[in-house]
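First the structure, in the form of structure tokens, and then the observations on it.
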Amino acid sequence: MLLQGVKAAIGSRILPSLRFALKGYKRQSFLPPALYRVEMSTSDFKDHKFGPWTVHASEIFATSSLSFAFVNLKPIVRGHVLISPRRVVNRFAELTSEEVADIWHLAQKVGSRLEAHLGASSLTLTIQDGPQAGQTVPHVHIHILPRRAGDFEKNDEIYDVIDAASKEFVREKQGEAAPQNSSLKVDADAERKSRTPQEMAAEAAELRTLF
């Protein structure tokens, strides 16, 4: 009886305070709501720096608070796109925790919608972090490639092709000729030519409708 009385007395004092403290409490997300936002308005599509180069607004199809997604000059497979932080950052370790969360959240959104839109069955998401990893543009970026059965004879060849394509991108931006002895062959390899600004803008406009 004495123990029950003590419990009752404690409960009568603590519970009202606990209820008051919890009043109006809402379950918090791990990230601030702003970091989950993926823009659907073209008003936020403005030019962004990609290393020393500029990605024009017409080539961007989705943005979040800290990142942007854009089409590729010379995609390896249909739907091969890139995502970068808005801030020009060379290495992945230099990103803030907020930028890391934001860029991967946007990659998740872009990848899942691209896969469904293009009728793909899988995705390759990869980062080349540092020169020995094949990074040629000094700005963190995620490659997203929708995958289909048989698009590469050996599945891991895609990483060699990404490495070669990254070097091609820099050479073309610098106006250098590409070597003619490459043995790498990819899906529709003969059609892998640098696209015009109009072609890239048309793809970006199509992809914007997914968001």
Side-chain angles (χ1 to χ4, degrees), residues 48-56 59-64 66-115 118 120 122-148 151-179 181-189 192-195 200 203-204 207:
H48 283 74
K49 296 300 292 184
F50 181 47
W53 297 290
T54 298
V55 175
H56 298 292
E59 301 164 9
I60 296 171
F61 62 89
T63 66
S64 57
L66 302 175
S67 311
F68 65 103
F70 55 105
V71 298
N72 206 327
L73 176 67
K74 195 172 181 180
I76 292 172
V77 295
R78 186 184 176 205
H80 176 192
V81 300
L82 303 170
I83 299 180
S84 279
R86 294 177 187 258
R87 186 169 66 96
V88 178
V89 181
N90 186 12
R91 298 293 303 279
F92 185 76
E94 297 169 7
L95 296 173
T96 66
S97 56
E98 291 81 8
E99 286 172 322
V100 171
D102 185 88
I103 195 172
W104 281 111
H105 181 252
L106 182 58
Q108 180 189 50
K109 290 285 187 185
V110 168
S112 61
R113 297 184 188 189
L114 266 179
E115 182 178 338
L118 297 176
S122 300
L123 294 169
T124 290
L125 294 89
T126 186
I127 294 177
Q128 296 159 293
D129 188 33
Q132 281 66 54
Q135 182 181 8
T136 54
V137 179
H139 190 161
V140 174
H141 53 285
I142 301 173
H143 291 265
I144 300 182
L145 299 94
R147 302 294 304 277
R148 300 168 182 80
D151 54 4
F152 288 85
E153 184 176 351
K154 295 180 180 179
N155 191 58
D156 284 351
E157 285 180 353
I158 191 169
Y159 301 108
D160 293 329
V161 176
I162 290 172
D163 182 59
S166 297
K167 293 173 181 175
E168 282 180 15
F169 172 86
V170 172
R171 280 194 298 266
E172 294 195 23
K173 285 291 187 180
Q174 295 175 341
E176 299 175 7
N181 59 352
S182 174
S183 61
L184 293 171
K185 299 296 179 183
V186 300
D187 184 28
D189 190 65
R192 285 192 66 240
K193 298 177 181 178
S194 295
R195 299 187 295 173
M200 296 174 72
E203 182 186 25
L207 297 183

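Note that the numbering runs from 1 along the sequence shown for the chain.
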I would like to know whether His143 and Ile127 meet side chain to side chain contact (heavy atoms under 4.5 Å, CB included); could you show each step before the answer?
CA-CA 6 Å; His143 291 265; Ile127 294 177; over 6 Å; no
Is a side-chain donor or acceptor of Ser84 paired with a backbone partner of Val140 at a separation under 3.5 angstrom?
yes
NZ-OG1 distance between Lys49 and Thr54, expressed to the nearest 0.5 angstrom:
3.5 Å
State, with a plain yes or no, whether a side-chain heavy atom of Leu82 is found less than 4.5 Å away from one of Asn72.
yes
Value for CG (Leu114) from CZ (Arg78), rounded to nearest 0.5 Å, stands at 10.0 Å
Which atom names give the shortest non-hydrogen contact between Ile162 and Thr126, and what distance separates them?
CD1-CG2, 3.6 Å
Indicate yes or no: at least one non-hydrogen side-chain atom of Asp160 is less than 4.5 angstrom from one of Phe152.
no
Closest contact, heavy atoms only, Pro146 versus Leu123
CA-CD2, 3.8 Å
Do Arg147 and Ile158 touch side chain to side chain, with heavy atoms closer than 4.5 Å?
yes
Please assess Leu106 against Phe68 for the test side chain to side chain contact (heavy atoms under 4.5 Å, CB included), listing each intermediate value before the final yes or no.
CA-CA 8 Å; Leu106 182 58; Phe68 65 103; 5.6 Å; no
Hey, are the side chains of Leu73 and Glu59 touching, using non-hydrogen atoms and a 4.5 Å cut-off?
no
Is the shortest heavy-atom distance from the side chain of Phe92 to the side chain of Val100 under 4.5 Å?
yes
Passing candidate, side chain to side chain contact (heavy atoms under 4.5 Å, CB included) with Tyr159, options Asp163, Val161, Asp156
Asp156
Provide the closest heavy-atom pair for Ser67 versus Ile103 in the form atom of the first, atom of the second, distance.
OG-CA, 3.3 Å
Shortest non-hydrogen contact between Ala107 and Leu125, atoms and distance:
CB-CD2, 4.1 Å
Considering residues at least two apart in sequence or located in another chain, which fulfil the salt bridge (Lys or Arg N to Asp or Glu O under 4.0 Å) criterion with Glu203?
Arg195
Under the ring pair (Phe, Tyr, Trp, His ring centres under 6.0 Å) test, residues paired with His139 that sit two or more places apart:
Phe50
If you take all heavy atoms of Ala204 and Ile60, which pair is closest and at what distance?
CB-O, 4.1 Å
Please find the pair of heavy atoms, one from Leu95 and one from Arg87, that lie closest to each other, and give the distance.
CA-NH2, 4.1 Å
Return the CD1 to NZ distance between Ile144 and Lys109, rounded to the nearest 0.5 Å.
13.0 Å
Distance-only, no hydrogens or angles: does the Gln128 side chain make a donor-acceptor pair with backbone N or O of Gln135 under 3.5 Å?
no
Between the side chain of Arg86 and the main-chain N/O of Ser64, is any donor-acceptor distance below 3.5 Å?
yes
Heavy-atom side-chain contact between Ser194 and Lys74 under 4.5 Å
yes
